[in-house]
Amino acid sequence: MATVKPFVCIRPDVSAVSKVAALPYDVYSRREACEAVKGNPLSFLNIDRAETQFGDEVDTYDERVYQKARELLDARIEDGTFVTDKEACYYLYRLTMNGRSQTGIVACSSVDDYVNGVIKKHENTREDKELDRIRHVEVTNAHTGPIFLAYRRSQTLADIMEKAVADKPLYDFVSEDGIGHKVWRIRDRGQVKAIEEAFEQISAVYIADGHHRAASAVKVGIHRREAQANAGVPVTGEEPYNRFLSVLFPEDQLMIMPYNRVVKDLNGLSMEKFFTAVHESFDVAKVGTDAYAPAEKGTFGMFVGGQWYLLKIKEHLRSTDPVKGLDVSLLQDYLLGPVLGIGDPRVDKRIDFIGGIRGLKELERRVKEDMAVAFSMYPTSIQELFAVADAGMLMPPKSTWFEPKLRSGIFIHRL
């Protein structure tokens with residue numbers, strides 16, 4: 001059963017929250033991060049990516065970078081930019097994009113749940129990315145970016161959330177990208193107890209986004225637990241490092257956007273031979289010059305030679321396997337690999353991935369500028385994600401694109 005606890009939150013003062021809230025650290029390159037913080041010293045990106053405070057001669061992973069992050073966080077707490085709530089609470093965080101809202105519960109999830117598989121994963125992590133966030137958590141002594149978790153809908157939690165959002169929000173602002181953000185604090189002891197007990201009835205929660213942050217937080221927690229035990233100090237399990245910052249959303253409120261593909265060349269094939277090879281596994285129909293987004297699972301848009309085509313996987317090639325049956329797998333296994341020669345999409349430099357938020361025009365632009373062919377995807381569903389994680393399997397790279405993105409800096413959990 002899931003252990004999901006309230007926590008003592010460090011958060012921005014109401015007057016500063018819109019300046020503090022920042023997109024996750026990993027959506028920026030170093031250059032982009034430096035540009036993003038210009039003119040906004042309160043942006044949490046200054047802390048999340050503290051290399052922005054140094055010239056290019058200082059490496060992104062230099063120890064001075066992590067010390068600067070700690071210095072800036074402590075300074076913002078000291079000067080009142082951040083305040084600390086007096087009691088452990090839950091929070092509700094609602095994001096609204098293009099008139100559609102999703103509301104999650106901000107809480108601390110259990111390191112042990114991650115280790116024991118109650119918190120389920122669907123991606124592998126890279127050690128180099130983990131090491132960066134491990135050091136950031138260790139030095140700042142804080143979780144600063146929440147892990148995006150999903151759970152199967154609970155009527156009990158839905159009723160509690162519906163009641164809570166009838167109150168005046170603690171925060172209510174619109175970020176520069178037009179996303180609306182509202183936060184409510186839940187401190188009524190009865191409601192707090194009801195939320196905790198409701199999660200105890202949920203057998204599994206799933207990482208939707210933030211696998212590296214989750215793995216890093218867990219490793220820091222385990223390391224601190226071992227250090228405390230080795231020092232002869234009993235470990236109670238209630239130490240803050242035993243939990244990590246998360247926002248948990250019910251499955252029916254989440255939207256997964258497609259993760260589209262572009263490939264640099266046709267693998268030495270003429271257009272005629274390329275289409276002949278595609279026809280072996282797909283039914284192909286010309287759509288025209290208007291951008292095409294597939295309307296159902298097992299179908300794909302393809303832009304090549306200035307034209308859009310509808311591809312439909314042949315029926316006998318569909319699979320009930322949780323991973324092999326994914327659209328991203330079907331495209332890889334029957335077209336990108338055998339036809340275009342993309343053996344390992346994680347490392348092949350001939351393929352690039354375009355998040356659905358960028359739109360189909362971005363696919364057309366890339367084909368006109370530096371690519372030969374583009375594929376628009378039907379989005380992976382949250383149920384498919386659950387099925388892969390439940391089976392203990394891993395999704396292919398770039399299978400899901402969640403929008404809107406959770407902001408960092410609104411909630412901080414000190415270890």
Side-chain angles (χ1 to χ4, degrees), residues 23-29 119-133 145 147-150 206-216 254-265 267 281 294 297-298 300-302 311 313 317 319 321-358 360 362-363 366-367 370-403 405:
L23 284 166
Y25 75 96
D26 53 358
V27 305
Y28 297 97
S29 67
I119 296 174
K120 299 192 176 189
K121 307 171 281 292
H122 67 267
E123 285 183 9
N124 276 329
T125 55
R126 283 173 41 189
E127 186 180 13
D128 59 335
K129 289 190 174 184
E130 283 185 29
L131 290 174
D132 168 50
R133 285 302 104 174
I147 315 305
F148 187 158
L149 301 179
Y206 302 80
I207 299 178
D209 200 7
H211 282 78
H212 287 92
R213 275 168 281 158
S216 301
L254 296 179
M255 179 178 70
I256 303 179
M257 299 185 78
Y259 223 140
N260 300 316
R261 276 89 166 119
V262 289
V263 179
K264 195 165 189 64
D265 56 62
N267 197 27
S281 300
K297 182 174 168 54
F300 310 83
M302 181 174 73
L311 309 184
I313 191 74
L317 298 178
S319 174
D321 182 272
V323 173
K324 291 181 180 178
L326 295 171
D327 278 9
V328 291
S329 296
L330 295 174
L331 187 69
Q332 175 62 36
D333 293 345
Y334 295 105
L335 201 162
L336 298 181
V339 179
L340 293 177
I342 305 295
D344 186 350
R346 293 171 297 181
V347 297
D348 198 310
K349 301 298 184 185
R350 294 171 52 237
I351 189 170
D352 199 1
F353 303 89
I354 312 294
I357 193 69
R358 304 289 295 274
L360 299 180
E362 178 65 10
L363 299 184
R366 290 297 301 273
V367 169
D370 64 339
M371 294 288 175
V373 59
F375 301 93
S376 58
M377 309 293 295
Y378 188 71
T380 304
S381 72
I382 192 69
Q383 286 74 29
E384 288 177 312
L385 185 154
F386 285 175
V388 170
D390 285 339
M393 302 171 80
L394 300 174
M395 282 192 162
K398 312 297 185 184
S399 294
T400 57
W401 181 281
F402 284 90
E403 284 288 346
K405 302 292 185 188

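With sequence neighbours excluded, no residue forms a salt bridge (Lys or Arg N to Asp or Glu O under 4.0 Å) with R261. Here K121 pairs with nothing under the salt bridge (Lys or Arg N to Asp or Glu O under 4.0 Å) rule; sequence neighbours left out. Applying the side-chain hydrogen bond (donor to acceptor under 3.5 Å, both in side chains) test to R366 and every residue at least two apart in sequence or in another chain returns D352, D370. Qualifying side-chain hydrogen bond (donor to acceptor under 3.5 Å, both in side chains) partners for Q332, counting only residues two or more places apart in sequence or in other chains: none. Residues forming a ring-ring contact (aromatic ring centres under 6.0 Å, His included) with H211 (at least two apart in sequence, or on another chain): H122. By the side-chain contact (heavy atoms from CB on, under 4.5 Å) test, A374 pairs with V262, F303, L363, V367, sequence neighbours left out. Residues satisfying the side-chain contact (heavy atoms from CB on, under 4.5 Å) test with Y28, not counting sequence neighbours, are L23, E32, A33, A36, L45, R49. Shown here are the ring-ring contact (aromatic ring centres under 6.0 Å, His included) partners of Y25, two or more places apart in sequence or in another chain: there are none. Not a single side-chain hydrogen bond (donor to acceptor under 3.5 Å, both in side chains) links E123 to another residue, sequence neighbours left out.
Of the inter-residue distances, the one linking E362 atom CD with I354 atom CD1 reads 5.5 Å to the nearest 0.5 angstrom. To the nearest 0.5 Å, the span separating CG on D128 from OG1 on T125 amounts to 9.5 Å. From D209, atom CG reaches atom CH2 of W401 across 9.0 Å, with rounding to the nearest 0.5 Å. Rounding to the nearest 0.5 Å places OG of S281 at 10.5 Å from CG of L311. Residue Y378 holds its OH atom at 9.0 Å from CG of D327, rounded to the nearest 0.5 Å.
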Item to complete: Tell me, with the steps shown, if D132 and H212 meet side-chain contact (heavy atoms from CB on, under 4.5 Å).
Response: CA-CA 10 Å; D132 168 50; H212 287 92; over 6 Å; no
Worksheet item: Could you go step by step and tell me if L317 and Y334 meet the side-chain contact (heavy atoms from CB on, under 4.5 Å) rule?
Response: CA-CA 9 Å; L317 298 178; Y334 295 105; 3.7 Å; yes
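Residues M377 and P294 share a closest heavy-atom pair of C-CG, 3.4 Å. Across A150 and I382, no two heavy atoms sit closer than the pair CB-CD1, 4.3 Å. When every heavy atom of S376 is checked against every heavy atom of N260, the shortest pair comes out as CA-OD1, 3.3 Å. The nearest pair of heavy atoms linking R350 to M371 is O-SD, 4.3 Å. Listed here is the closest heavy atom pair of P379 and M257: CB-C, 3.9 Å. Of all heavy-atom pairs between I351 and P345, the closest is CG2-O, 3.8 Å.
Applying the salt bridge (Lys or Arg N to Asp or Glu O under 4.0 Å) test to every pair with at least one member in residues 331-340, sequence neighbours left out, gives no pairs at all.
Inter-residue side-chain proximity for F148 and I207 is flagged as unmet; no heavy-atom pair is nearer than 4.5 Å.
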Donor-acceptor contacts, no H, no angles, side chain residues 335-344, under 3.5 Å, sequence neighbours left out:
residue : atom : partner : partner atom : Å
D344    : OD1  : R346    : N            : 3.0
D344    : OD1  : R346    : NE           : 3.0
D344    : OD2  : R346    : NH2          : 3.3

Which donor-acceptor pairs under 3.5 Å do side chains of residues 383-399 form with protein atoms, sequence neighbours excluded?
residue : atom : partner : partner atom : Å
Q383    : NE2  : E251    : OE1          : 3.2
E384    : OE1  : S381    : N            : 2.9
E384    : OE2  : K297    : NZ           : 2.8
D390    : OD1  : K120    : NZ           : 3.0
D390    : OD1  : Y206    : OH           : 2.6
D390    : OD2  : R152    : NH2          : 3.1
D390    : OD2  : Y206    : OH           : 3.2
S399    : OG   : P396    : O            : 2.6

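No side-chain donor-acceptor contact under 3.5 Å links S329 to the backbone of G325. Looking at T380, its side chain never comes within 3.5 Å of a backbone N or O of T400 through a donor-acceptor pair.
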